[in-house]
Amino acid sequence: GAAKLVVVVAIFLLTFYVISQVFEIKMDANLGHIFARSALDAAARSTKPPRYKCGISKACPEKHFAFKMASGAANVVGPKICVEDNVLMSGVKNNVGRGINVALVNGKTGEPLDTKYFDMWGGDVAPFIEFLKSIQDGTIVLMGTYDDGATKLNEEARKLIAELGSTSITNLGFRDNWVFCGGKGIKTKSPFEQHIKNNKDTNKYEGWPEVVEMEGCIPQKQD
């Protein structure tokens with residue numbers, strides 16, 4: 001009886017020892033996996049490129065507002081205007097339309113003031129002219145075409161847009177793609193403007209040129 005008891009105790013101790021060794025090995029392996037994964041995650045975070053406002057390629061300096069915008073794609077996808085990480089106009093927001101899309105931003109604070117679109121194919125240019133005349137000094141003005149933004153434009157409307165700093169507005173034609181950022185009371189021509197002509201030999205889409213995109217940093221208005 002004593003011998004059997006000794007054997008049972010010995011087997012129990014041996015089993016306990018084996019189980020404890022296996023458990024420690026698994027624990028070590030699991031801990032090693034956890035630490036290795038944490039190190040990989042940390043490395044991935046450290047190599048991930050930073051994201052700047054509106055998704056622009058580099059950060060803006062102090063006292064500048066980040067912006068990014070794109071014209072419409074044919075008559076299918078509307079334009080998009082973003083300022084200071086705030087999407088002001090887009091198809092998702094359902095506030096864009098055929099013609100010229102306009103967003104107004106406070107030149108001192110970067111806060112949005114208004115968004116509107118004006119149909120320059122089947123609409124009337126008069127409301128657009130009145131809107132342009134009502135813009136207050138110091139306002140940042142961003143414009144993008146969708147479908148056609150030129151057919152109903154007359155000399156008065158083009159002149160008012162030119163006074164905001166545009167140089168391409170005089171040549172904007174039927175179904176051209178155009179994006180522009182200027183300001184009311186600007187003393188020079190704006191550096192923020194892109195224009196692609198509608199040309200059947202170079203158009204990306206049937207009847208329309210490719211989308212034009214633009215990004216940059218708008219200087220804050222100083223007193």
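Values in this document were obtained by computation on a predicted structure and should not be read as measured data.
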Problem set entry | Glu213/Val179 under side-chain contact (heavy atoms from CB on, under 4.5 Å): CA gap, chis, key distance, verdict | CA-CA 7 Å; Glu213 296 181 306; Val179 288; over 6 Å; no
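- Counting only distance, with no hydrogens or angles, the side chain of Asn95 and the backbone of Leu88 share a donor-acceptor pair below 3.5 Å.
- Here the NZ-NZ distance, from Lys184 to Lys133, works out to 10.5 Å after rounding to the nearest 0.5 Å.
- For residues 50-94, every residue pair satisfying the ring pair (Phe, Tyr, Trp, His ring centres under 6.0 Å) rule, not counting sequence neighbours, is listed here: Phe67-Phe192.
- Ion pairing between a basic and an acidic side chain is recognised when a charged N comes within 4.0 Å of a carboxylate O; Asp85 and Arg51 show such pairing.
- Other residues, nucleotides and ligands contribute only 12 or fewer heavy atoms inside 6.0 Å of the OH atom of Tyr117.
- Between the side chain of Asp114 and the backbone N or O of Leu104 there is no donor-acceptor pair closer than 3.5 Å.
- Atom CZ of Arg175 is separated from atom NZ of Lys200 by 13.5 Å, given to the nearest 0.5 angstrom.
- Side-chain atoms of Gln220 do not come within 3.5 Å of backbone N or O of Ile218 as any donor-acceptor pair.
- Taking OG1 of Thr139 as the start and CD1 of Ile186 as the end, the distance is 12.5 Å to the nearest 0.5 Å.
- In this structure, Asn177 contributes its side chain and Pro209 its backbone to a donor-acceptor pair below 3.5 Å.
- Residue Thr170 holds its OG1 atom at 7.5 Å from CZ of Arg158, rounded to the nearest 0.5 Å.
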For this session: Tell me, with the steps shown, if Leu153 and Ile100 meet side-chain contact (heavy atoms from CB on, under 4.5 Å).
Result: CA-CA 10 Å; Leu153 279 182; Ile100 296 181; 4.1 Å; yes
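- Using a distance-only test at 3.5 Å, with no hydrogens or angles considered, a donor-acceptor pair links the side chain of Asn198 to the main chain of Phe174.
- In this structure, Gln136 and Leu113 have side chains that are not in contact, with every pair of non-hydrogen atoms separated by 4.5 Å or more.
- Lys197 places a side-chain N or O within 3.5 Å of a backbone atom of Asn171 that can act as its donor or acceptor partner.
- Within a 6.0 Å sphere centred on CG of Asp137, heavy atoms belonging to other residues, nucleotides or ligands number more than 12.
- For the pair Ser90 (side chain) and Lys80 (backbone), a donor-acceptor distance under 3.5 Å is absent.
- Heavy-atom contacts from other residues, nucleotides or ligands closer than 6.0 Å to NZ of Lys189 number more than 12.
- We find the CD-SG distance between Glu84 and Cys54 to be 7.0 Å, quoted to the nearest 0.5 Å.
- Annotation: Glu155, atom CD; neighbour count of heavy atoms from other residues, nucleotides and ligands within 6.0 Å does not exceed 12.
- In this view, Tyr146 and Pro79, Asn101 satisfy the side-chain contact (heavy atoms from CB on, under 4.5 Å) rule, not counting sequence neighbours.
- Two residues are said to be in side-chain contact when any heavy atoms from C-beta on lie closer than 4.5 Å; Ile129 and Asn154 meet this criterion.
- The shortest side-chain heavy-atom distance between Ile161 and Phe128 falls under the 4.5 Å cut-off.
- Panel note: side chain Trp121, backbone Gly99; no donor-acceptor pair is recorded below 3.5 Å.
- Between the side chain of Ser71 and the backbone N or O of Val212 there is at least one donor-acceptor pair closer than 3.5 Å.
- Looking at Met120 and Val125, their side chains come closer than 4.5 Å, going by heavy atoms from C-beta outward.
- Cluster annotation: Leu132 and Ile169 are assigned to the same hydrophobic cluster (Ile/Leu/Val/Met/Phe/Trp/Tyr, side-chain heavy-atom contacts under 4.5 Å, transitive).
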Exercise. Can you list the steps and then say if Asn75 with Tyr205 is a side-chain contact (heavy atoms from CB on, under 4.5 Å)?
Worked result: CA-CA 10 Å; Asn75 62 346; Tyr205 310 105; over 6 Å; no
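- Residues Val77 and Val87 do not share a hydrophobic cluster, clusters being chains of Ile/Leu/Val/Met/Phe/Trp/Tyr side chains in contact below 4.5 Å.
- Under the rule for a salt bridge (Lys or Arg N to Asp or Glu O under 4.0 Å), Glu215 has no partner lying at least two apart in sequence or in another chain.
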For this session: Decide yes or no on side-chain contact (heavy atoms from CB on, under 4.5 Å) for Gln222 and Lys63, but give the supporting numbers first.
Result: CA-CA 9 Å; Gln222 304 299 314; Lys63 297 183 179 180; 4.0 Å; yes
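- Checked by atom type and distance alone, the side chain of Ser190 pairs as donor or acceptor with a backbone atom of Cys181 at under 3.5 Å.
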